[in-house]
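What follows is a single structure, written as structure tokens, with notes after it.
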Amino acid sequence: MTQTPSAPEALEEAAPDAAADHGDEHEHPSDRQYVKIALILGALTALEVFTYFESVHNLGDAAIYVVLIVLMILKFIYVVAWFMHLKFDSVLFRRVFVAGIVLALGVYLVMLTAFRIWGV
Amino acid sequence: MTTTSEPPLQLTAGEQLVRPSTSLGVFSRPTGETGWKSWLFTVDHKRIGIMYGAAALLFLVIGGIEALLLRLQLAVPGGNVLSEDAYNQVFTMHGVTMVFLVIMPMAAAFANYLLPLQIGARDVAFPRLNAFSLWCFLAGGIFLNTSWFLGGAPDGGWFGYAPNSGLVYSPSHGMDFYALGLQIAGIASLVSAINLITTVLNMRAPGMSLFRMPVLSWMLLVVQFLLLFAIPVITVALFLLSFDRLFGANFFNVEAGADPLLWQHLFWIFGHPEVYILILPAFGIMSEVIPVFSRKPIFGYPFMVFSGIAIGFMGWGVWAHHMFTSGIGPVSVAVFSLSTMFIAVPTGVKILNWLATMWGGRLRFNTAMLYSVGAVAMFTIGGLSGVTHAISPADTQQTDTYYIVAHFHYVIFGGSLMGMLSGFYFWWPKAFGYKLNEKLGKIGFWILLIGFNLTFGPMHILGLQGMSRRIHSYAADSGFNLWNMVASIGAFVIAAGVLLFFWNIGVSRRRARGSPPVGPDPWDARGLEWMTASPVPTHNFDRDITVTRQDEFWHRKWRIGTDGKVTRIARAEDVAHDGSATGVHLPSPSYWPVVVALGLPLVAYGLIYNLWITGIGALVILGGLYGWVFEPPDDPEDHGHDDHHEADPSGEAGNGANGGGASGNGEGEPADGDGARQLAAAGTSGGPVAEAQP
Amino acid sequence: MTDVADPTPAVTTPTDAGHAPPAHPPTTTGLTHNKVAMWLFLGSECLLFGALIAVYMFAKSRLPAGEIGPNDVFDIPFTSVSSFVLLMSSLTMVLALSALNRGEERNFRIWIVATALLGGTFIAGQVYEFTVFVDLGLGYTTNIFGSAFFTLTGFHGAHVTIGIVMLMSALVASLRGRLSPRNAETVELIGLYWHFVDIVWILIFTIIYLFPQ
Amino acid sequence: MMGEQAGGRFGPNLWRRLRLALVALAVALALTACADEHPLDTLTEAGPDAQEINDLFFPVLGVAIIVFFLVQGAIIYLAVRYRARRRAAAAAVHSDDPDGDDLYGDDEYPEQVHGNLRLELAWTIIPTILLAVISVFTLISLVDLNEVSAAEDDLRVTVVGQQWWWEFQYHLDGDTSTPPDIVTANELVMPVRQQVPLGITSRDVIHSFWIPRLNGKKDAVPGRTHPWVIEADEPGRYMGQCTEFCGLSHAYMRMYAVVLEPAEWDEWVQGQLVDAAPLEPGEPGYEGQEVFLANCANCHVVNGVSDVNLDDLPDGMGDYAGANAITSALVSGAAPNLTHVASRTTFAGSIFDLYEDRAERIPYLEVAERGDLNRGDLEAWIRNAPGQKANDADGARGMTAFPGLTDGEIDALVEYLMTLR
Ligand code: HEA
Ligand code: HEA
Ligand code: CUA
Ligand SMILES: [Cu+2]
């Protein structure tokens, strides 16, 4: 069973005082920051692509998987948090989105596990 | 993509609801409050709700006639009412119709009509999208049913297991209609889910915190979240099936290495949340009706809410209980067996809380109450047989037998449908201004209850005696004769009960003319929807309602003294709005939702028959979207916004939410920018209170 | 507990609707309908793309030995470039929004055009990639891997294409003078959608292309 | 009339009703218990697996029935005990109700109870505990049912479902990687009191293998082979039925498990291992054999007559692809192997009896000698199979019709088939 933060809290918290932590009051990241994030993203991508080339292959598949997954998650989080503003925006959005991701991860991973595609 | 910064239309007394203007500079906008056009182009959530309900009832008759054909065929061994082929089509369409075209839209009817009213809003967040959902659902339903005349209906069972649903084994177009028709209906549900969640989150009346919402609103909210997350799963499954059938993809092609269980997983990841999508609205309705007729508040409100949410969550973790015998492996079986069992806990909490609500009450067995209590009783039976499926070893005997058929009819018919019939009797006066006849209603209830148990009770026995489901006939020496005959007789008793319900509508309508109006609150009820005139005026409420507690309306009528005694402090008529307000902003009717919805089945027909038709359909959709996007949600030429404060004493928010105007989102569905119809002005706490407390 | 019989209505809520954009839209949450709806939609899309990715992973695991598969067709350097292009379009997208928020219409248009162009480049790359695959012998119906690969990337490509259409519409609206900081939210929503499509590609690129086959 | 003291009066009354209902239920269950009249009955187990299942099912059903009576009893009790009295004279607010249904007292609000935390916790925790107990027993049964006691080199049977009949491939040495020793259809002959491990698969769509009195069902999914076991306590014929919807003739896809004493079982095996000898001109059935080779042999295999070289078969799926090699007409690629068709008691998905007298009464091994051929159904089948059992018009599923065969040819065919014992 997948567990996400319990809905009513998620929604309720977002409700009355959402105004406090979102919207026009907060500082938008500056364009410089955006560029910085983009550079980081580019660098992470480069790292990812690097694993494709022979030099790291002696690490073994398992290590490569781990590295790739970590890098992927980092990129994902950077885009979501900064470009999509989730870091600064209402918790409601975060919870809706995280609910979707967690649910998707939960059911599909269970499904693939039931198919035993992980080779175990 | 354009923006509309003009404030929305507002009305003054005696004025036409909408003044004509033009769309695309060519068509004049639909106008008028009466006549078929006013229904076709309406964006009023109440009219949309009523049309959802009417369509669902129509499909109930279709699905019911299909059921009667099934029962005729099975009444005696070796029946020959239907051919094998016809039988397969009929039971498939019976299941599809009942699930997707009866119970779901019926729930949508209640959601549309009641959600905005219960939270004190003026409409839903995106009225045009709402209209689009209705027409889209209807387009999907009609599209599906045209398959009868176009070479045969779907014949792969309502869960369409691959590879039997593939082109090789199901070569007629039936399963194409299934895949595409459900896809269209799915779009309707998804759009509507987004719309209604936004409505609940964003448009509650001042003071209406989530935990002051009626249980029905809560259950509907949970259902919309389930739809939001479950529809995409079936969308993908149906796409895979369509691509296999139409374009030769290999998703379920065993020769190419595919595994048919993929379909089963995807279908049931959707399918199990779906069954809770079917039941939770009925649970909500029962949670409204039972307190009113017990004259007590709902027992354990937080538990009712949380158990609903818990069911919603747990519903995601049990899907493989439909696959206990399909070879998923003992570990998966064990895991899903246990997770399934524990769903009985939150459901049991609900059952027992209803009983506790009745405990110590002053029960009035009006028809609505009878149906609700009947639903509690019947659902319990289905739920308990559900638990006997959940113990997976036993399910290997039960699955795909009539024992399962008994289970799900008890939960769906006995729970969902009876619950919703209760809702019809309960809210009918609210929607139409007259009550349904109680005497006919009660007779109808008992006929239905008896017929229901006659039909589906014996199926438990049949199933345990080994009668498989989806069999066109059975041998005379299988020992199934007696109970099948009983079940078939029962089905016709049900039909009589349903018929009586329709008869009742006719009779009550006729009698209503000349009878005194029912008033805003015929049952001495609790929710905000009763705090306005019946039938509900187009603008719902005359003024803001500031909510200070649960059951706000009831508390304005009654005072609980320090001794616990309840005394009346006001008549409903004095508290409720009389619907005479003027100058209320309302969204304008629009052609475009209908146009866009019309394009979808064209695309689907084209995929089956001729891609040119798809092209035309796509053009219709594009044209519709174009018109939609460039049409302001409200009539722009009508007025300036300056007069708006004078005319709107409650300080309605105007077009504040309209910041962005119309914008496109995702899959090319335009999001309405017309968000201004909420009464909720300031935040829920701390804001000025519109209706002062002494 | 106090009860109110017939409360007198009408205390005007002091919003200033219409005259100036209110600090917060007068909704219960203070969030606009459109934005709430967009996030709900994106939450829903997680399950759509999740399913497609899962189907792909499953299909790949079931590809019979000897059939044409990922190793035979993928051109990682090429895809890396187009992935990078799409990634950078997210940057231009935020820059566009930020320009609009500051009221710099010209910059806004430049960035929005840049975003659309980068998106277009990505799509062009995808079309090229598809044709190469077909030339290599991997068609949509060739095998289970082909069906799953083209379906997944095709769905993503369709999303990008819709995004480009929305970007162009925003551009047109801006040229007509209908976009201003006041209704920058429209662009923000397009941006959300665009970034979402981008993160889906982040997943696809890693899982489908880079994972050791 | 029903107020406070009515509750007291209702008590025993309620009990009487409950007892009545219980008796009715017991009768209903008893009715279901006659296995003779209910050949597919799940409740009259005849093997250890079915037994295991029912040992789990009945207690849980018992719990369900208790909860059922508690809830329904509570509803009836509450409905009677707390029913509001109608007071026509009371100053009803809604006295204008045309049905006169709402003439209840207006002041009838009872104490307004909002909830009770302890109760809530009680009815959360008690069912949880109950279910936890049930789940322990469920897990135990699951483990038991998945146990395979048969040795590696014991008999193993591969079960192949297809539209709309069952094929059984016997691996006497338990080695499924080699071609099967015996291939038969629709009647799974097996030794008594011996666990027979099965591998269940399909050649086309999903079917489900089910002999209710011996064990639960297991789906036959193309591309997958599912392990399952079956075991019977007593010799006999146990009916089975395909239970996963598989198209037109899903209803007509039955089967039997025929359980024999060990000695008979050995005899049966020996008989089946013998190939059919091609008939020479002049031998009875020779004409039929010629008609058969001309019309039927491109679908049906008769070992020794219309053979395929089993050594050429691809290994892997454990599939006996004998018929696949000969035909391309069928979607599933196979038709029943007819080498010993006359030794079976039913045909075509076990929906027709091959012999007139109730085959159960004759020892299984003697039925081919002593039984009266059910000539009518067999001839009708050969002449027009689709007319006897729905199949696809395009001829890709099931057996085709042979309208061109003369009566004489059909007689010859039947005579030939009867030589295949
Ligand atoms: C409204 C729809 C609905 C609902 C609410 C449910 C509710 C439940 N269902 Fe059902 N189900 C269906 C609709 C529904 N189902 C349909 C349509 C199918 C068949 C699909 C098809 O194959 O065509 C199906 C099939 C189905 C199966 C698969 C059977 C098979 O094909 O082999 C299973 C297996 O576990 C199952 C279990 C359950 C359980 C455990 C619940 C639980 O939620 C029930 C919980 C309720 C109670 C238990 C009663 C009240 C509780 C108490 C009074 C507390 C005390 C109780 C105990 C301690 C036991 N259902
Ligand atoms: C919402 C869900 C719902 C509802 C309400 C019903 C209602 C009924 N169902 Fe249905 N049923 C399903 C959902 C539902 N069913 C599903 C999902 C399946 C599985 C399909 C599959 O296997 O794929 C199924 C399967 C199913 C079967 C099994 C078929 C098989 O496996 O071979 C049977 C058999 O008896 C049956 C019977 C009935 C009957 C008699 C009714 C009755 O209650 C119907 C009562 C209603 C009416 C009778 C209509 C009103 C009538 C009139 C207004 C009069 C009109 C005119 C005349 C009298 C001519 N249903
Ligand atoms: Cu084979 Cu049903
Ligand atoms: Cu389920």
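Each chain gets a letter, A, B and so on, in the order its sequence line appears, and its residues count up from 1. Keep in mind that the numbers below use all heavy atoms, side chains included, and drop hydrogens, waters and symmetry copies.
Distance alone, capped at 3.5 Å, places no donor-acceptor pair between the Tyr108(A) side chain and the Leu52(C) backbone.
The candidate with the highest count of non-hydrogen atom pairs below 4.5 Å against chain A, out of Val55(C), Leu97(C), Leu87(C), Ile76(C), is Ile76(C).
Note that the CZ atom of Phe205(C) and the CG atom of Leu71(A) stand 11.0 Å from one another [nearest 0.5 Å]. Between the CD1 atom of Ile117(A) and the CZ atom of Arg62(C) there is a distance of 11.0 Å, given to the nearest 0.5 Å. Atoms CG and CG, from Leu91(C) and Leu41(A) in turn, are 9.0 Å apart once rounded to the nearest 0.5 Å. Atom CD1 of Ile202(C) and atom CZ of Phe76(A) lie 8.0 Å apart (nearest 0.5 Å). Atom NE2 in His85(A) sits 7.0 Å away from atom CD in Glu188(C) (nearest 0.5 Å). The OG atom of Ser90(C) sits 11.0 Å away from atom OH of Tyr34(A), with the distance rounded to the nearest 0.5 Å.
Looking at heavy atoms from C-beta onward, Asp31(A) lies in side-chain contact with Arg102(C) at the 4.5 angstrom threshold. Using a 4.5 Å heavy-atom cutoff, the side chains of Leu210(C) and Met72(A) are not in contact. Counting only heavy atoms from C-beta outward, the side chains of Phe211(C) and Ile69(A) approach each other to under 4.5 Å. You'll find the side chain of Phe97(A) reaches within 4.5 Å of the side chain of Phe196(C), heavy atoms only.
Within the 4.5 angstrom heavy-atom criterion, only side-chain atoms of Met88(C), from C-beta onward, approach chain A. Within the 4.5 angstrom heavy-atom criterion, no atom of Ile37(A) approaches chain C. With a 4.5 Å cut-off on non-hydrogen atoms, Ala99(C) does not touch chain A at all. Heavy atoms of Phe84(C) lying under 4.5 Å from chain A belong exclusively to its side chain. The contact between Val36(C) and chain A is made by backbone and side chain atoms together, counting heavy-atom distances below 4.5 Å. Heavy atoms of Phe115(A) lying under 4.5 Å from chain C belong exclusively to its side chain. Heavy atoms closer than 4.5 Å to chain C are found in the side chain of Leu112(A), but not in its backbone.
For the residue pair Met84(A) and Leu42(C), the shortest heavy atom distance occurs at CE-CD1, 3.7 Å. Between Cys46(C) and Ile101(A), the closest heavy-atom pair is SG-CG1, 3.6 Å.
Ring pair Phe93(A)/Trp39(C) is parallel by interplanar angle, where below 30° counts as parallel and above 60° as perpendicular.
Enclosure of atom CH2 in Trp201(C) by more than 12 non-hydrogen atoms of other residues, nucleotides or ligands within 6.0 angstrom is indicated. Applying the 6.0 Å contact sphere to OH of Tyr78(A) captures no more than 12 heavy atoms from other residues, nucleotides or ligands. Other residues, nucleotides and ligands contribute more than 12 heavy atoms inside 6.0 Å of the CZ atom of Phe78(C).
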